[in-house]
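The structure appears right after this line, and notes come after that.
This structure is a prediction, so every number in the text was calculated from the model and none was measured. The chains referred to below are lettered A, B, ... by the order of the sequence lines, with proteins before strands, and numbering in each begins at 1. In what follows, every heavy atom counts, from backbone to side chain, and hydrogens, waters and symmetry copies are set aside.
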Number of protein chains: 2
Amino acid sequence: MRPYKHPTVDQFALERVFQALSDPTRLEIVRHLARVTEATCGELDGGRPKSSMSHHFRILRDAGLVHTRGAGTVHQNTLRRDELNARFPGLLAAILAQSAD
Amino acid sequence: MRPYKHPTVDQFALERVFQALSDPTRLEIVRHLARVTEATCGELDGGRPKSSMSHHFRILRDAGLVHTRGAGTVHQNTLRRDELNARFPGLLAAILAQSAD
DNA sequence: ACTAATGTTCGATAATAATCGAACTATCGA
DNA sequence: TCGATAGTTCGATTATTATCGAACATTAGT
């Protein structure tokens with residue numbers, strides 16, 4: 001399996017990040033990842049088809065929000081906390097503070 | 001002229017805010033408003049037709065980002081800084097820190 | 001090898017959103 | 001009241017995005 005292409009920190013674009021977070025499914029994924037620090041794609045589908053989830057994960061990856069790493073037959077996803085905080089200080093905190101709603 | 005309908009702070013939805021900010025035109029408007037603290041719609045069109053701008057301003061209003069007030073024949077727009085900071089601490093700062101790009 | 005499990009990719013369809021001209025509204029000033 | 005200015009609303013068109021089934025790829029275990 002070839003590794004995924006992830007943007008570097010200096011390639012992050014705020015507009016793309018907002019676009020990624022403007023979907024409820026993806027916002028939910030990000031919040032979940034904030035709690036567990038690592039999760040497979042399958043753990044996060046809410047009964048949604050795999051192809052849909054794959055689509056959302058790709059957008060999150062392309063925006064720089066999520067890192068995906070193949071681990072055997074599974075794909076582990078993590079929030080790119082440190083890099084996001086470095087590039088967009090306060091952004092992640094603002095998102096996650098809302099989790100309590 | 002009837003006053004605009006603006007959401008109250010507790011009606012703000014993060015997802016809607018992100019959706020509003022995911023468009024380059026609107027992100028530009030927000031950043032501009034952050035600098036000038038007040039501006040008319042006309043000042044912010046970049047040659048774009050008025051109907052398009054009106055559309056973008058409405059989305060920004062509905063998300064709670066911008067307050068619009070009729071002032072004579074003109075409409076003055078302001079960033080709802082305090083309310084945004086109250087509801088989404090850190091968010092605005094993260095957006096505006098990026099302005100220097 | 002064969003099988004099962006996890007995701008990805010492809011292609012089609014449906015749903016959302018952006019864009020813009022034209023007609024309309026409201027306000028100010030002459 | 002007439003004209004000019006600033007925005008809004010409407011309707012149509014185009015462009016983006018989401019959704020999902022089906023076929024494919026990769027890895028682990030037997």
Side-chain angles (χ1 to χ4, degrees), chain A residues 1-7 13-30 32-33 36 38-79, chain B residues 1-7 13-30 32-33 36 38-79:
Chain A
M1 87 147 294
R2 63 204 178 293
Y4 290 95
K5 189 173 50 205
H6 293 94
L14 192 56
E15 182 190 327
R16 186 176 296 268
V17 170
F18 285 143
Q19 208 282 327
L21 293 172
S22 68
D23 180 278
T25 303
R26 292 192 293 261
L27 195 51
E28 187 189 325
I29 291 173
V30 168
H32 186 103
L33 287 178
V36 302
E38 190 168 57
T40 65
C41 302
E43 296 178 62
L44 298 178
D45 62 6
R48 285 172 286 256
K50 298 195 286 186
S51 53
S52 295
M53 293 311 283
S54 189
H55 165 70
H56 289 305
F57 272 104
R58 196 166 75 76
I59 289 175
L60 289 171
R61 265 196 305 274
D62 290 350
L65 285 161
V66 166
H67 179 90
T68 305
R69 154 183 74 85
T73 169
V74 136
H75 292 186
Q76 289 291 354
N77 299 282
T78 53
L79 237 197
Chain B
M1 88 147 291
R2 63 201 179 296
Y4 291 96
K5 193 174 47 208
H6 293 95
L14 193 56
E15 182 190 327
R16 187 177 296 268
V17 170
F18 285 143
Q19 208 282 329
L21 294 171
S22 68
D23 180 278
T25 303
R26 293 193 292 262
L27 195 51
E28 186 188 327
I29 291 173
V30 168
H32 186 102
L33 287 178
V36 301
E38 191 168 56
T40 65
C41 302
E43 297 179 60
L44 299 178
D45 61 6
R48 285 172 285 256
K50 297 195 285 185
S51 53
S52 294
M53 293 310 283
S54 189
H55 166 70
H56 289 306
F57 272 105
R58 196 167 75 77
I59 288 174
L60 289 170
R61 263 196 305 276
D62 290 351
L65 286 160
V66 166
H67 180 90
T68 306
R69 154 183 74 87
T73 170
V74 136
H75 291 185
Q76 289 292 356
N77 299 282
T78 54
L79 236 197

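No donor-acceptor pair closer than 3.5 Å links the side chain of A:Ser54 to the backbone N or O of A:Ser51. Distance alone, capped at 3.5 Å, places no donor-acceptor pair between the A:Arg16 side chain and the A:Ala63 backbone.
Summary of helix geometry: the two end axes of the helix from C:dA1-D:dT30 to C:dA30-D:dT1, each defined by five base pairs via their C1' atoms, are inclined to each other by 30° (rounded to 10°).
Here the CG-CG distance, from B:Leu14 to A:Leu21, works out to 7.5 Å after rounding to the nearest 0.5 Å. Put simply, CG on B:Leu65 and CD1 on B:Ile59 are 11.0 Å apart, with the number rounded to the nearest 0.5 Å. Rounding to the nearest 0.5 Å gives a distance of 4.0 Å between CG of B:Asn77 and OG1 of B:Thr68.
Within the 4.5 Å cutoff, side-chain heavy atoms of B:Val74 are placed close to those of B:Gln76. Proximity of B:Leu33 to B:Val66: side-chain heavy atoms (C-beta onward) are separated by under 4.5 Å at one or more points. By the 4.5 Å heavy-atom criterion applied to side chains, B:Glu15 and A:Arg26 are not counted as neighbours.
To the nearest angstrom, P of C:dT8 lies 14 Å from NZ of A:Lys5. Atom CZ of A:Arg26 is separated from atom C1' of D:dT16 by 12 Å (rounded to the nearest Å). Per the geometry, NE2 belonging to A:His75 stands 15 Å off P belonging to D:dA25, to the nearest Å. When rounded to the nearest whole Å, the span between NZ of A:Lys50 and C1' of C:dT8 equals 9 Å. In this entry the distance linking CG of A:Leu21 with P of D:dT17 reads 15 Å, nearest Å. With rounding to whole Å, B:Tyr4 atom OH is found 11 Å from D:dT9 atom C1'. In this structure, A:Glu43 atom CD and C:dA5 atom P are separated by 16 Å, rounded to whole Å. With rounding to whole Å, A:Gln19 atom CD is found 11 Å from C:dA17 atom P.
The ring-ring contact (aromatic ring centres under 6.0 Å, His included) contacts involving residues 44-72 of chain A comprise A:His6-A:His67, where partners must be two or more places apart or lie in separate chains.
Set against D:dG7, D:dA18, C:dG7, the side chain of A:Asp23 has D:dA18 as its closest nucleotide.
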Less than 3.5 Å apart, which donor and acceptor atoms pair up between the side chains of residues 42-49 of chain B and the rest of the protein, not counting sequence neighbours?
{"unit_1": "B:Glu43", "atom_1": "OE2", "unit_2": "B:Thr40", "atom_2": "N", "d": "2.9"}
{"unit_1": "B:Glu43", "atom_1": "OE2", "unit_2": "B:Thr40", "atom_2": "OG1", "d": "3.2"}

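Annotation: of the two residues near DNA chain D, B:Ser52 and A:Pro49, the 5′-most nearest-nucleotide partner is B:Ser52.
By the salt bridge (Lys or Arg N to Asp or Glu O under 4.0 Å) test, B:Glu38 pairs with B:Arg69, sequence neighbours left out.
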Can you give me the N/O atom pairs linking the protein to nucleotides 10-15 of chain D at distances under 3.5 Å, or say none if there are none?
none

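At a threshold of 4.0 angstrom between heavy atoms, the contacts of A:Thr40 are confined to the sugar-phosphate backbone, with no base atom among them.
Sorted by residue number, the members of residues 53-62 of chain B with any non-hydrogen atom under 4.0 Å from DNA chain D read B:Ser54, B:Arg61.
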